[in-house]
Amino acid sequence: MPELPEVETTCRGIAPHTEGQRIQRLVVHDRRLRWPVPAGLEERVKGQDILRVERRAKYLLMRLPGQTLLWHLGMSGSLRLCSPDEPRRTHDHVELQLASGQVLRYHDPRRFGCLLVFDGEDLAHPLLEGLGPEPLGPDFDGDVLFRLSRGRKAPVKVFLMDASVVVGVGNIYANEALFRAGIRPDRPAGRISRERYLGLALAVREILAAAIRQGGSTLRDFVNGQGEPGYFQQTLAVYGRGGQACTGCGAALVESRLGQRSTVYCKYCQR
DNA sequence: CCCAAGACCTGGCGGC
DNA sequence: TGCCGCCAGGTCTTGG
């Protein structure tokens, strides 16, 4: 599923076609997402204008007057603009019919995503509380990682994927950033120097920025708001390459599991 | 507070 | 070809 670059790509893809649009109708074909789509949401948003579309962590926020739609794409979700006569596919659970005539469809086979709503235009929802800084924003740097990691025995990869530390670093990019920074994923977070965390923070920013530039990774059938695939997958150095040659030294990359997630690294280039 | 494991759900793949 | 077990981008919840 979508990691942060995929969500950002979706956000940028749909914003020009949704911002300023009036919602003619919201149709929910299946309310059974991670949490049920709130009862009565259809009536609640009917005729409302979409003022702005934003991203916070891996959430998409659709600002309406006085309320906000909160989407998450889970592991397998996507949002795509369609023409209304395009037939609905299996797992197209929600559709937003816009005044332009276009339709925004939410597709999610595994139904780990969600569509929720809250009053106001701030971040007043429990899911958005306690989130760490945006990795590409001004509040994230190696000092943050260093300070929060003191005393923690969890593997640095698990620590880096903790959304209360920094948001948006999922399994793919955690693997990639640690490779780029030359840090072994299983090293205890509390036993890494400030200097090395400066390098890790830089690596996280560079990896995510590069992935966004290239339109997100293509995983299974990830598509952006226009239904086009991303191109970052060809750039991945370690994720999905267990047993293959390290791009740095040529040794076979090691694949293991940390926190029940597949982890790939080079035992020579990462210490 | 910290950490590990379980939970949610469908589809695709490899192996037999 | 068919069935079975395992794996997958996330993250909340529970229990120690």
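Residue numbers start from 1 in every chain, and the chains themselves are labelled A, B, ... in the order their sequence lines are given, proteins ahead of strands.
For B/dC2, the OP1/OP2 oxygens have no side-chain nitrogen or oxygen of A/Lys153 closer than 4.0 Å. Look at A/Ser262 and you'll find a side-chain N or O under 4.0 angstrom from OP1 or OP2 of C/dA8. For the pair A/Arg261 and C/dG10, the criterion of a side-chain N or O lying under 4.0 Å from OP1 or OP2 is met.
The CG atom of A/Asp30 sits 14 Å away from the C1' atom of B/dC8 (whole-angstrom rounding). Taking atom NE2 on A/His91 and atom P on B/dC8, their separation rounds to 18 Å, with Å as the unit. What separates CG of A/Asp162 from C1' of C/dT11 is a distance of 11 Å, to the nearest Å. Atom CG in A/Leu127 sits roughly 10 Å away from atom P in C/dT11 (whole-Å rounding). In this structure, CG of A/Asn175 is placed 11 Å from P of C/dA8, rounded to the nearest angstrom. For the pair A/Arg56 CZ and C/dG10 P, the computed distance is 16 Å after rounding to whole Å. To the nearest angstrom, P of B/dC8 lies 11 Å from CZ of A/Arg34. In this entry the distance linking CD1 of A/Ile172 with P of C/dT11 reads 12 Å, nearest Å.
Comparing C/dT11, B/dC3, C/dC12 against the side chain of A/Trp35 picks out C/dC12 as the nearest. Listed nucleotides C/dC12, B/dC3, B/dG11 differ in distance to A/Tyr59; the shortest reach to its side chain belongs to C/dC12. Listed candidates were B/dG11, C/dT11, C/dC7. Nearest to the side chain of A/Arg257 is C/dC7.
Using a 4.0 Å cut-off between charged nitrogen and carboxylate oxygen, A/Asp186 and A/Lys157 do not count as a salt-bridge pair. No salt bridge links A/Asp108 with A/Arg32; every basic N to acidic carboxylate O contact stays at or beyond 4.0 Å. The existence of a salt bridge linking A/Arg52 and A/Glu19 is excluded, since no basic side-chain nitrogen approaches an acidic carboxylate oxygen closer than 4.0 Å. Salt-bridge formation is not detected for the pair A/Arg241/A/Glu176: no Lys NZ or Arg NE/NH1/NH2 atom is positioned less than 4.0 Å from an Asp or Glu carboxylate oxygen. Between A/Glu134 and A/Arg205 there is no salt bridge, since none of the side-chain N atoms of the basic residue sits less than 4.0 Å from a carboxylate O of the acidic one.
Where A/Ala154 and A/Arg32 each meet DNA chain B at their nearest nucleotide, the meeting point lying more 5' is that of A/Ala154.
Here the CZ-CG distance, from A/Arg31 to A/Leu115, works out to 9.0 Å after rounding to the nearest 0.5 Å. Going from atom CG of A/Leu200 over to atom CD of A/Glu195 covers 13.0 Å, rounded to the nearest 0.5 Å.
Listed in residue order, the members of residues 181-191 of chain A having a heavy atom less than 4.0 Å from DNA chain B come to none.
When Watson-Crick and G-U wobble pairs are counted only if both distances are under 3.5 Å, B/dC9 pairs with no nucleotide at all.
In terms of modelled atom types and a separation under 3.5 Å, the side chain of A/Arg63 and the main chain of A/Asp122 share a donor-acceptor contact.
Contact annotation: side chain of A/Arg111 to base of B/dT10, donor-acceptor pair absent below 3.5 Å.
Evaluation of A/Phe112 against the base of C/dT11 yields no stacking contact (centre distance < 5.5 Å, interplanar angle < 30° required).
The residue A/Phe159 sits apart from the nucleic acid: no heavy atom pair falls under 4.0 Å.
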